[in-house]
Amino acid sequence: MLLVHPVIELVRFLPLVIGVFVLGSGGDNGPWHWLGLALPIAIGLIRFATTRFRITGGQIELRRGIFGRSVLTAPLDRVRTVELTASPIHRLLALEKVEIGTGSANRGKDGRLVLDSLGSAEARRLRSDLLHEAHAESTQPAPAVSVPVSLMAFDPGWVRYAPLTTSGLVIALAALAASSQFLGTLIARTVNTSQVGHDVKALPLFVTVPAGIVTFLIVISILAIGGYLVANWGFTLTRDADAGSFHIRRGALTTREISIDQDRLRGLEIHEPLGLRLAGGGRLTAIVTGVNRRSQGSTPMVPPAPRSVVIAVGERVLEENGPLYADLIQHGPAARRRRLVRGIVPLALVPAVLLLLELTASWPLWLVLATAPLPVIGLLLGLDRYRRLGHALTPSYVVMRWGSLRGRRDALQRTGIIGWNVRQTFFQRRAGLVSLTATTAAGRQSYEILDLPEEWAAGFADAAVPGLIGQFLATPVAK
Amino acid sequence: MTENALGARLRDPQNVVSPRARTVWRVSAAVRAAIPALIAGCFALGGDDLPLWVWITYAVISLAYVGVMPAYRYRVHRWESTATAVYTQRGWITRERRIAPMSRVQTVDLEQHLISRLVRLATVTVTTASAAGPLKIEGLDLEVAEGLVEELTRRAEAEVGDAT
């Protein structure tokens with residue numbers, strides 16, 4: 001192996017220092033200004049001198065500390081993911097930030113091994129060493145050259161899905177909210193000073209309101225598309241069969257490269273929020289052990305893209321055809337009733353309460369009329385939720401699908417299940433339904449099959465993970 | 001899904017916790033119920049008395065809770081440990097049963113609070129590599145708890161792999 005002798009490397013903090021120089025040189029050059037410049041440089045230099053890592057004896061070790069001292073060690077065979085991130089400043093200097101995920105359940109941000117500002121070539125070498133080392137535990141020594149197979153390449157045409165994703169909308173709304181005050185002032189000024197304002201004011205309401213909505217939609221779409229492109233430009237997914245890992249690369253300004261040890265992949269999630277689903281799209285994320293909690297343990301594998309692409313890529317990743325499109329078992333009339341009740345009742349309460357207030361406290365009647373269609377929306381939502389609710393068992397995966405507005409279909413490896421939670425609320429007990437949750441060390445940590453008929457749940461769990469739940473059944477399963 | 005597995009239901013876990021746990025639950029429930037009453041009583045001495053019906057309603061609800069809860073919880077709160085798995089049941093309005101295979105057990109934790117120390121009871125918490133849902137058995141007899149911890153640790157040690 002490459003790592004028989006200890007490798008000692010210095011970690012550089014150049015971007016910080018350069019950033020301070022570039023940003024700090026703009027203003028007046030008083031003495032305090034120079035102090036403000038010198039301090040980060042001093043800290044940067046001390047850090048530069050005190051942070052080092054080495055790979056030795058099957059361990060990766062990170063030492064750092066200016067005043068105190070901290071040493072982080074992790075066994076190499078626990079390395080699950082390696083993530084390279086490069087902000088524009090990093091890229092300018094050909095540096096990378098390396099984050100190593102070790103899959104420990106209760107480690108905070110500080111527990112992750114982070115090596116900021118490693119040289120690009122060096123970072124790549126470290127990554128391939130780490131992944132080969134991690135994989136070598138289970139297979140033969142890796143050959144020196146490995147040829148990655150491309151599983152997916154980004155198609156710019158996919159931006160049409162950007163405005164339909166939940167995250168796209170959130171980003172757009174946040175940007176809009178942040179800039180709304182500025183925009184508001186700008187619009188007020190224009191309206192007050194120019195002829196356009198008078199013209200707009202002269203227009204009837206039924207023209208200005210739809211025009212306003214259309215403008216709003218266009219602005220939001222543009223922002224969402226921008227966000228989508230910045231995050232996903234150049235998105236590629238490759239499989240390196242020799243290293244036994246998947247590599248994901250994306251990002252227009254800040255590039256991100258994530259490598260996932262294939263043995264740590266526990267399944268896939270297809271996200272199908274309503275908008276994306278209606279447009280025939282979806283997005284794919286991986287269920288991996290050892291990915292940090294900030295991203296809720298899910299790593300994007302395919303950005304919002306046509307459903308056919310998502311499924312095709314997913315199948316190649318899972319190496320099994322069924323889980324991503326096979327028909328699912330529906331949960332029956334009790335589950336359907338529960339979905340409908342839960343869809344309609346809360347939305348029906350709004351007009352009901354408003355009607356009550358209209359009668360007793362003489363609130364305006366139009367409020368009641370305006371909210372009257374809400375229960376119908378609830379009914380449609382309930383029907384859609386039930387239609388999508390389902391589960392299945394394939395040779396190596398447990399599949400579950402649920403949700404309407406932010407629907408998902410999850411395929412979780414059966415060998416990745418490390419426990420079952422069987423939950424019943426008071427109402428579920430009366431309806432004879434249970435929520436069966438498979439717990440796992442990967443991704444979201446728990447994957448729920450909602451409202452499963454009571455008499456199916458135990459059998460399903462027993463079939464999915466044989467030899468676990470069977471001993472606790474009222475009538476033991478004959479083998 | 002295998003045919004004969006259809007229709008099979010989970011049974012309750014076999015063991016109940018220590019009968020003394022009922023006393024602990026009753027005492028702590030009574031203390032919890034008494035605190036708001038005491039605070040309100042202090043205000044009453046200062047002249048801000050609540051109407052009588054509030055006092056009566058509160059007393060009835062608290063007494064019912066203190067009277068019924070321990071017995072009910074004692075019936076629901078069950079556990080079982082076999083050669084290959086741990087199984088617990090908890091919950092009053094929402095009932096939750098949790099099963100973890102022995103091979104995936106990561107840590108076993110024994111805790112004693114002040115009151116439970118007085119009556120020699122303990123809480124055992126079993127965690128797996130998943131952040132979702134540790135298995136918690138409250139109100140075990142101390143000897144039983146120690147035996148369980150010892151047994152679980154021994155079995156978990158015997159398993160190979162990193163339990164993810």
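Annotation for B:Arg120: atom CZ does not count as buried by contact number, only 12 or fewer foreign heavy atoms lying within 6.0 Å. More than 12 heavy atoms of other residues, nucleotides or ligands sit less than 6.0 Å from atom CZ of B:Arg95. With a 6.0 Å radius and a threshold of 12 heavy atoms from other residues, nucleotides or ligands, A:Arg423 has its CZ atom at or below the threshold. No more than 12 heavy atoms of other residues, nucleotides or ligands sit less than 6.0 Å from atom CZ of B:Arg117. B:Tyr72 OH: more than 12 foreign heavy atoms inside a 6.0 Å radius. Surrounding CZ of A:Arg336 are at most 12 heavy atoms belonging to other residues, nucleotides or ligands under 6.0 Å away.
Between atom CZ of residue A:Phe472 and atom OG1 of residue B:Thr82 there is a gap of 4.5 Å, rounded to the nearest 0.5 Å. The distance from the CD atom of A:Glu455 to the CZ atom of B:Arg9 is 5.5 Å, given to the nearest 0.5 Å.
Screening A:Thr439, A:Ile418, A:Ile417 for a side chain to side chain contact (heavy atoms under 4.5 Å, CB included) with B:Arg104, the sole residue that qualifies is A:Ile418.
The candidate from B:Gln14, B:Met102, B:Glu80, B:Glu96 with the greatest count of non-hydrogen atom pairs under 4.5 Å with chain A is B:Glu96. Note: B:Ile93 leads B:Thr127, B:Ile93, B:Asp12, B:Thr88 in heavy-atom pairs under 4.5 Å with chain A.
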Chi angles and distances behind the side chain to side chain donor-acceptor pair (under 3.5 Å) call for A:Gln471, B:Thr84: CA-CA 9 Å; A:Gln471 55 193 323; B:Thr84 50; 2.9 Å; yes
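When every heavy atom of A:Gln445 is checked against every heavy atom of B:Ala129, the shortest pair comes out as OE1-O, 3.8 Å. In terms of heavy atoms, B:Leu10 sits closest to A:Val422 at CD1-CG2, 3.7 Å. Residues B:Ala132 and A:Asn421 come closest through the heavy atom pair O-ND2, 4.3 Å.
Between B:Thr94 and A:Phe426, the closest side-chain pair of non-hydrogen atoms is not below 4.5 Å. Side-chain atoms of B:Pro101 and A:Leu468, non-hydrogen and from C-beta on, do get closer than 4.5 Å to each other. Taking 4.5 Å as the limit, every side-chain heavy atom of A:Trp420 sits out of range of all side-chain heavy atoms of B:Arg98.
For B:Arg75, the side-chain contact (heavy atoms from CB on, under 4.5 Å) criterion is met by no residue, not counting sequence neighbours.
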